[in-house]
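Written out below as structure tokens is the structure these notes cover.
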2 protein chains.
Amino acid sequence: MAVTIKDIAKRSGYSFATVSRALNDRYGIDPKTLKKIKAVAEEMGYRPNQIAKSLVSRKTKTIGLIVPDLANPFFSTLLFHIKSLADAADYSLLICMSAWDPAKEEHELKLLFERRCDGILLYPSDPIDAKALDLYKIPICVFTDQEDDRGQVFFVGIDNEYGGEIATQHLFDQGYKRPAFLGGNQHSASSIARCRGYENICNKQKVNLPEAFISTGAFTIDSGYDRARTLLAMEPDIRPDAFFCANDLIAMGAMEAVTLDGLRVGADIGIVGVDNVIYAGLPQIRLTTMDIPLAELAKRGWLELMDLLAENGDKKETSDEKKASSSEEKQANSLLEPTLVIRETTDKSRRKK
Amino acid sequence: MAVTIKDIAKRSGYSFATVSRALNDRYGIDPKTLKKIKAVAEEMGYRPNQIAKSLVSRKTKTIGLIVPDLANPFFSTLLFHIKSLADAADYSLLICMSAWDPAKEEHELKLLFERRCDGILLYPSDPIDAKALDLYKIPICVFTDQEDDRGQVFFVGIDNEYGGEIATQHLFDQGYKRPAFLGGNQHSASSIARCRGYENICNKQKVNLPEAFISTGAFTIDSGYDRARTLLAMEPDIRPDAFFCANDLIAMGAMEAVTLDGLRVGADIGIVGVDNVIYAGLPQIRLTTMDIPLAELAKRGWLELMDLLAENGDKKETSDEKKASSSEEKQANSLLEPTLVIRETTDKSRRKK
DNA sequence: GTGAAAGCGCTAACAG
DNA sequence: CTGTTAGCGCTTTCAC
């Protein structure tokens with residue numbers, strides 16, 4: 001169908017080995033032949049078959065990316081950053097969506113392995129078992145705040161527990177007394193860590209909150225709305241007076257629930273989200289939220305993966321020391337700190353609703 | 001490195017041809033051999049090398065998707081829908097970002113071709129030349145409202161001109177007299193079509209607006225903000241009293257500019273966007289906008305592409321008549337109609353700012 | 001039923 | 001400098 005190296009060999013009168021060399025600028029070729037072969041190739045509209053190349057080179061120049069949910073702006077923004085990095089490094093990106101389902105995640109992992117990706121970037125839908133990951137003989141970099149670090153698998157992540165702490169602390173500082181935590185997906189490591197931070201501060205403040213104040217659910221506006229409504233339906237003296245939400249979507253749902261109940265966001269009920277999506281800063285929203293350094297996270301993950309690839313491809317002897325030294329470095333700075341962006345949804349003196 | 005068909009042939013005592021047959025459930029194999037081979041494969045953790053399979057089958061079960069900008073929620077939502085469809089059909093997705101640059105777009109096209117994608121889904125950054133696309137010997141489906149239909153290339157799209165018309169008409173109906181058009185990327189076919197719709201209605205209304213009322217720029221909040229500020233800085237009697245924005249991001253930027261100037265969104269300045277992103281409906285925003293049936297668009301494009309693949313793979317003789325008949329059908333319903341979602345940003349009697 | 005052999009498009013020694 | 005010969009891992013005739 002498509003024109004191959006043999007076609008252009010026939011047409012140019014050279015053997016296909018010479019054609020291959022010429023097209024790949026290997027040295028040891030007569031400038032004239034080179035010119036002629038390139039001309040013929042151009043004329044015939046030749047495009048190398050990367051499938052065939054990959055088969056022999058054992059490299060695909062392809063990275064697989066697995067995220068739980070592409071509809072979530074957090075992940076689509078992460079994807080955007082990673083894609084930009086991939087472009088710059090001349091890698092293609094194969095994307096997969098686990099839909100927060102560990103079984104599907106494993107399936108995608110297998111698939112990426114079968115397609116012989118050079119490496120994998122994984123944002124797990126579940127706390128990850130590093131050993132299991134090691135089975136895939138591919139360099140994998142995992143986005144999470146877990147601390148393990150073995151084999152081919154590396155971790156980079158956000159310090160979500162710390163994030164949960166400063167967010168919750170901020171709520172208390174602002175004068176709210178009974179913050180509730182509207183979590184995300186039940187198994188989401190990020191959500192779990194943020195919850196831990198929330199609990200740390202609640203304990204420190206020595207407040208005792210009902211169990212119902214901690215909930216999990218989808219990372220969506222609707223889920224936030226529903227859960228906030230439920231909590232707000234409690235008696236005024238025992239219901240929450242603030243929501244720490246596992247992401248901005250949930251927070252926006254909560255905001256909606258608050259206003260619908262005739263309460264004022266900020267003045268009556270404080271709200272803080274996580275992610276700092278572009279909409280959070282709009283004058284009509286002004287959501288207090290944790291900013292996650294997504295571009296930086298993407299970059300770290302990408303660089304880490306590239307390191308892994310380099311180690312793998314190169315020597316095997318020297319890699320041990322290199323690895324040791326580089327992972328030490330990593331350990332020191334591998335958790336990125338989110339920062340609190342204070343806006344009006346946690347402002348008790350806020351006028352407009 | 002990884003275990004191959006030969007390894008399991010050696011271990012099981014069969015020839016690798018038999019192993020291949022067994023693993024792919026070809027018939028004509030002794031049930032016992034089959035069972036044994038599968039057991040050995042399982043035990044050794046065999047995973048077929050899709051690269052090698054692709055080389056012989058000439059199929060990669062991969063679709064390439066090219067969009068201008070993954071950071072734009074419109075495209076990430078489109079991606080989400082397409083990815084869902086791809087999952088269901090057992091295709092992998094290779095994503096590319098053209099960054100609104102026709103040169104990069106062409107480069108990505110070449111790349112996808114070299115990787116021997118089975119088909120390509122293209123959301124062009126520019127009005128497309130169908131003939132040029134025909135050069136790539138791959139089925140391509142293009143998202144646009146252009147009408148051409150030749151060769152391997154098919155088009156599906158949104159009727160953006162019509163969308164521009166009803167949006168602008170709505171503005172006049174609400175009592176605004178001097179709508180401006182805040183366009184998107186200069187070469188964006190969608191933006192251009194929406195502008196045409198806007199102009200159609202302005203002509204019909206026999207209003208004569210300054211040239212400056214039509215602008216192009218990035219599809220971003222900042223761009224909308226900047227351009228709205230500029231226009232709002234004109235003398236009150238000649239400046240626009242409404243903005244029709246090429247997408248919701250631009251519209252949100254415009255809203256920001258309006259409130260910053262002490263004007264009221266709706267009462268003083270009407271605003272309508274396009275896309276109906278999830279945030280547009282929030283109680284704090286309530287943006288009037290054109291809803292684009294994105295899920296439907298993704299589905300149409302995907303199905304169209306699958307059709308193309310089927311035709312291509314199957315016979316070559318019968319395909320001509322099939323093609324003729326199917327493209328007729330397509331022509332009849334290939335442009336999807338956006339619908340206007342009326343909210344408060346075009347409500348002159350709106351109270352709150 | 002199963003094995004041997006050819007070949008997908010390309011790269012990489014090894015000879016000339 | 002260029003041609004010949006092996007494969008990369010797998011599917012697919014074609015024999016036995």
Side-chain angles (χ1 to χ4, degrees), chain A residues 1-38 40-41 44-62 110-111 113-118 137-138 313, chain B residues 1-38 40-41 44-62 110-111 113-118 137-138 313:
Chain A
M1 201 71 244
V3 16
T4 77
I5 218 178
K6 283 187 183 170
D7 297 325
I8 107 163
K10 211 167 293 169
R11 189 90 95 88
S12 66
Y14 290 95
S15 77
F16 72 93
T18 303
V19 172
S20 170
R21 278 186 290 248
L23 261 18
N24 291 287
D25 292 308
R26 297 268 176 286
Y27 35 20
I29 288 216
D30 189 306
K32 280 179 197 159
T33 9
L34 192 148
K35 201 176 154 197
K36 170 153 191 193
I37 289 179
K38 288 218 168 178
V40 175
M44 299 180 78
Y46 171 75
R47 290 278 131 210
N49 183 331
Q50 301 294 354
I51 297 294
K53 282 196 169 189
S54 293
L55 186 58
V56 15
S57 71
R58 294 150 168 290
K59 293 213 177 339
T60 52
K61 273 288 186 175
T62 302
K110 273 185 191 144
L111 206 127
F113 176 70
E114 292 188 356
R115 292 201 186 277
R116 295 299 188 269
C117 286
D118 293 339
K137 300 296 191 180
I138 297 188
Chain B
M1 202 71 242
V3 16
T4 77
I5 218 178
K6 283 186 181 170
D7 297 325
I8 105 163
K10 211 166 294 170
R11 188 89 97 89
S12 66
Y14 291 94
S15 75
F16 72 93
T18 304
V19 172
S20 169
R21 277 187 289 249
L23 260 18
N24 291 287
D25 291 309
R26 298 271 176 283
Y27 36 21
I29 290 219
D30 189 305
K32 281 177 196 157
T33 2
L34 192 147
K35 200 176 155 197
K36 170 151 192 198
I37 289 180
K38 289 216 167 181
V40 175
M44 301 181 77
Y46 171 75
R47 290 277 132 211
N49 183 330
Q50 300 295 353
I51 297 292
K53 281 197 169 189
S54 293
L55 186 58
V56 15
S57 71
R58 296 150 167 290
K59 292 209 178 344
T60 52
K61 271 287 185 179
T62 302
K110 274 184 190 146
L111 207 130
F113 176 70
E114 292 188 357
R115 296 200 179 251
R116 296 301 188 265
C117 287
D118 293 340
K137 299 298 192 181
I138 298 189

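These numbers come from the heavy atoms of this one structure, side chains and all, not from hydrogens, waters or symmetry mates. Quick caveat, the model's predicted, so the values are computed rather than measured. Numbers restart at 1 for each chain; the letters A, B, ... are given by sequence-line order, proteins then strands.
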- request: Report yes if the side chains of Val19(A) and Val40(A) come closer than 4.5 Å at any heavy-atom pair, otherwise no.
  value: no
message: Can you tell me how far apart CG (Leu34(B)) and CZ (Arg21(B)) are? Round to the nearest 0.5 Å.
response: 11.5 Å
task: Identify whether any heavy atom of Leu55(B) sits under 4.0 Å from a base atom; if not, whether one sits that close to sugar-phosphate; answer base, sugar-phosphate or nothing.
output: base
- prompt: Atom CZ of Arg26(A) and atom OG1 of Thr18(A): how far apart are they, to the nearest 0.5 Å?
  reply: 13.0 Å
task: State whether the number of non-hydrogen atoms from other residues, nucleotides or ligands found under 6.0 Å of Lys36(A) atom NZ is greater than 12.
output: no
- request: Rounded to the nearest 0.5 Å, what's the gap from NZ on Lys53(B) to CD on Glu114(A)? Could you check?
  value: 7.5 Å
query: Taking CD1 from Ile5(A) and P from dA12(C), how many angstroms apart are they, rounded to a whole number?
result: 11 Å
- prompt: For Ser54(B) and Lys59(B), which heavy atoms make the closest approach, and how far apart are they?
  reply: OG-O, 3.0 Å
task: Mind calculating the distance between CZ (Arg58(B)) and P (dG7(C)) to the nearest angstrom?
output: 13 Å
query: Base, sugar-phosphate, or nothing: which does Ser57(A) touch, judged by heavy atoms less than 4.0 Å apart?
result: nothing
query: Nearest nucleotide by nearest heavy atom, which residue falls closer to the 5' end of DNA chain C, Leu34(B) or Asn49(A)?
result: Leu34(B)
message: Measure CZ/Arg26(A) against P/dA13(C) and give the value in whole Å, please.
response: 10 Å
- line: Min and max contacting nt of DNA chain D in 5' to 3' order, chain A heavy atoms within under 4.0 angstrom, are dC1(D) to dG9(D)
message: Nearest heavy atom decides the nucleotide; on that basis, is Thr4(A) or Thr33(B) closer to the 5' end of DNA chain C?
response: Thr33(B)
task: Go through the steps for Lys38(B) and Asp25(B) under the test side-chain contact (heavy atoms from CB on, under 4.5 Å), then give the verdict.
output: CA-CA 10 Å; Lys38(B) 289 216 167 181; Asp25(B) 291 309; 3.1 Å; yes
field: Over all atoms of both residues, closest heavy-atom pair of Ala22(B) and Ile29(B)
entry: N-CD1, 3.5 Å
statement: OG1 (Thr62(B)) and CZ (Arg115(B)) are apart, to the nearest 0.5 Å, by 10.0 Å
task: Give the C-alpha distance, both sets of side-chain angles, the deciding distance and a yes or no for side-chain contact (heavy atoms from CB on, under 4.5 Å) between Asn49(A) and Thr4(A).
output: CA-CA 8 Å; Asn49(A) 183 331; Thr4(A) 77; over 6 Å; no
query: Side-chain N or O of Arg47(A) less than 4.0 angstrom from OP1 or OP2 on dG9(C)?
result: no
- prompt: For Ile51(B) and dC10(C), what is the distance between atoms CD1 and P respectively, to the nearest whole Å?
  reply: 14 Å
message: Measure CD1/Ile37(B) against C1'/dG3(C) and give the value in whole Å, please.
response: 12 Å
message: I need the residues from residues 14-25 of chain B with at least one non-hydrogen atom less than 4.0 Å from DNA chain C; give them sorted by number, or say none.
response: Tyr14(B), Ser15(B), Ala17(B), Thr18(B), Arg21(B)
message: So Tyr27(A), base contact, sugar-phosphate only, or nothing? Heavy-atom distance under 4.0 Å.
response: nothing
message: Is there a side-chain contact between Lys53(A) and the phosphate of dT11(C), meaning an N or O under 4.0 Å from OP1 or OP2?
response: yes
query: Between the side chain of Arg58(B) and the main-chain N/O of Leu55(B), is any donor-acceptor distance below 3.5 Å?
result: no
- request: Would you name the heavy atoms of Ala2(A) and Phe113(B) that are closest together and state the gap between them?
  value: CB-CZ, 4.3 Å
message: Rounding to 10°, can you tell me the angle the first-five-pair axis of the helix from dG1(C)-dC16(D) to dG16(C)-dC1(D) makes with its last-five-pair axis?
response: 50°
